[in-house]
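Just so we're on the same page: letters track the sequence lines, and every chain starts at 1.
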Protein chains: 2
Amino acid sequence: MPDFIYKGKVYYNPVQFVMEMIGGTWKAPILWRLRNEVKRYGELRKDIPHISDKMLTTQLRQLEADGLISRKVYAVVPPKTEYALTVKGKRLMVIIEQIREYGLELIEEEKKNNEIK
Amino acid sequence: MPDFIYKGKVYYNPVQFVMEMIGGTWKAPILWRLRNEVKRYGELRKDIPHISDKMLTTQLRQLEADGLISRKVYAVVPPKTEYALTVKGKRLMVIIEQIREYGLELIEEEKKNNEIK
DNA sequence: ACTAATACTCACCTAAAGGTATGTATTATA
DNA sequence: TATAATACATACCTTTAGGTGAGTATTAGT
């Protein structure tokens, strides 16, 4: 697998390429909330604990730039913006779901280990 | 899903928990090389393009601390150390393989898009 | 004139990730 | 006495991720 350039950045392998798209603290949580619903900015903000405006906005912009979500702005006051998964984004759901299940298993196992101690 | 604490750090959801274990530039490449072989430090070093000693060592240590790989040191000169996947680490292979396939698809699609332009 | 909504934007800071370059311990062998 | 092998360690630096807190534009309603 040779190196691959996307948007001016060099990626060493396909896994790294995908990880940058869904990695970090906030991208998976955002994608996950959109898995079967269109959501407004404010809804995402309320649904995702701990996230700040700055983080929500920057991550949404990046997800959009990578073609994983779509953004629809309504010209009303107060503003209204709807975010939804694209086809490309929907394909990620299988992966995220699998990561999530593995994570839940690990957490369960950790709990058991801690009880024994 | 409530917050979860592991090794003094707070995780907001199971996906984030797993992402920290396999995320970053180097962890997936390392795990991938060990998928069906035990490997020595020097072999990993040569097999993974662009990686430095510092990065290889720190990432190996973290993977070991998270119980994803095992480390076996032979008391010989010059030194010899073997790294292998644990059962916990092997379970990750399904996920990494899926991420890899999705990545390969995306890269293919990118190439096509660039040709058209 | 003032406030309420909503979806941002900006300035500033800290911490973590990652890169570069160099050094080290040990023993067999030339 | 010098060198080769191997698996690290260490110091230093730059870049990126992420957090905090405050401000903004627009219009309807009081």
Colleague: B/E105: which residues meet the salt bridge (charged side-chain N to carboxylate O under 4.0 Å, His left out) condition with it, sequence neighbours left out?
Modeller: A/R91
Colleague: Under the ring-ring contact (aromatic ring centres under 6.0 Å, His included) test, which residues partner B/Y83, sequence neighbours left out?
Modeller: none
Colleague: Near DNA chain D, counting only heavy atoms under 4.0 Å, which residues of residues 63-74 of chain B show up?
Modeller: B/R71
Colleague: Where each residue is assigned the nucleotide of DNA chain D containing its nearest heavy atom, which of B/K80 and A/V77 is assigned the position nearer the 5′ end?
Modeller: B/K80
Colleague: Got a sec, which residues hit ring-ring contact (aromatic ring centres under 6.0 Å, His included) with B/Y102, two or more places apart in sequence or on another chain?
Modeller: none
Colleague: I need the residues from residues 17-24 of chain B with at least one non-hydrogen atom less than 4.0 Å from DNA chain D; give them sorted by number, or say none.
Modeller: none
Colleague: Using a 4.0 Å cut-off on heavy atoms, which residues in residues 25-37 of chain A reach DNA chain D? List them by number, or say none.
Modeller: A/T25, A/W26
Colleague: Sort and list the pairs that fulfil salt bridge (charged side-chain N to carboxylate O under 4.0 Å, His left out) and have at least one residue in residues 48-68 of chain B, not counting sequence neighbours.
Modeller: B/K7-B/D66, B/R45-B/D53
Colleague: Would you say A/L106 and A/E110 make side-chain contact, with heavy atoms under 4.5 Å?
Modeller: no
Colleague: Please answer: with hydrophobic residues joined when any side-chain heavy atoms are less than 4.5 Å apart, are A/Y11 and A/I5 in the same cluster?
Modeller: yes
Colleague: May I ask you to test the B/F17-B/K9 pair for a side-chain heavy-atom distance under 4.5 Å?
Modeller: no
Colleague: Measure the shortest side-chain to side-chain distance between A/L63 and A/M21 over non-hydrogen atoms and say whether it is less than 4.5 angstrom.
Modeller: no
Colleague: Determine, using the 4.5 Å side-chain heavy-atom cutoff (strictly less than), whether A/V15 and A/V10 are members of one ILVMFWY cluster.
Modeller: yes
Colleague: In degrees rounded to 10°, what angle is found between the helical axes fit to the five outermost pairs at each end of the helix from C/dA1-D/dT30 to C/dA30-D/dT1?
Modeller: 30°
Colleague: Donor-acceptor pairs are to be reported for all side-chain atoms of residues 29-37 of chain B against protein atoms at under 3.5 Å, with residues two or more places apart or in another chain.
Modeller:
| residue | atom | partner | partner atom | Å |
| --- | --- | --- | --- | --- |
| B/R33 | NE | B/P29 | O | 3.3 |
| B/R33 | NH1 | B/D47 | O | 3.0 |
| B/R35 | NH1 | B/W32 | O | 2.7 |

Colleague: State whether a side-chain donor-acceptor pair under 3.5 Å links B/Y74 with B/E82.
Modeller: yes
Colleague: Kindly say whether A/R40 contributes a backbone atom to a donor-acceptor pair with the side chain of A/E43 at under 3.5 angstrom?
Modeller: yes
Colleague: Kindly say whether B/L68 contributes a backbone atom to a donor-acceptor pair with the side chain of B/T86 at under 3.5 angstrom?
Modeller: yes
Colleague: Could you pull out all residues at least two apart from B/Q62 that satisfy side-chain hydrogen bond (donor to acceptor under 3.5 Å, both in side chains)?
Modeller: B/K27
Colleague: Can you name the nearest heavy-atom pair linking A/I51 to A/M55, along with the distance?
Modeller: CG1-CB, 4.0 Å
Colleague: Distance-only, no hydrogens or angles: does the B/Q98 side chain make a donor-acceptor pair with backbone N or O of B/V94 under 3.5 Å?
Modeller: no
Colleague: Specify the residues of residues 38-57 of chain B, ordered by number, for which at least one heavy atom lies under 4.0 angstrom from an atom of DNA chain D.
Modeller: B/R40, B/Y41, B/G42, B/D53, B/K54, B/T57
Colleague: Side-chain contact, heavy-atom cut-off 4.5 Å: B/I48 with B/W26?
Modeller: yes
Colleague: First and last nucleotide of DNA chain C touching chain A, 5' to 3', heavy-atom cut-off 4.0 Å?
Modeller: C/dA5 to C/dA11
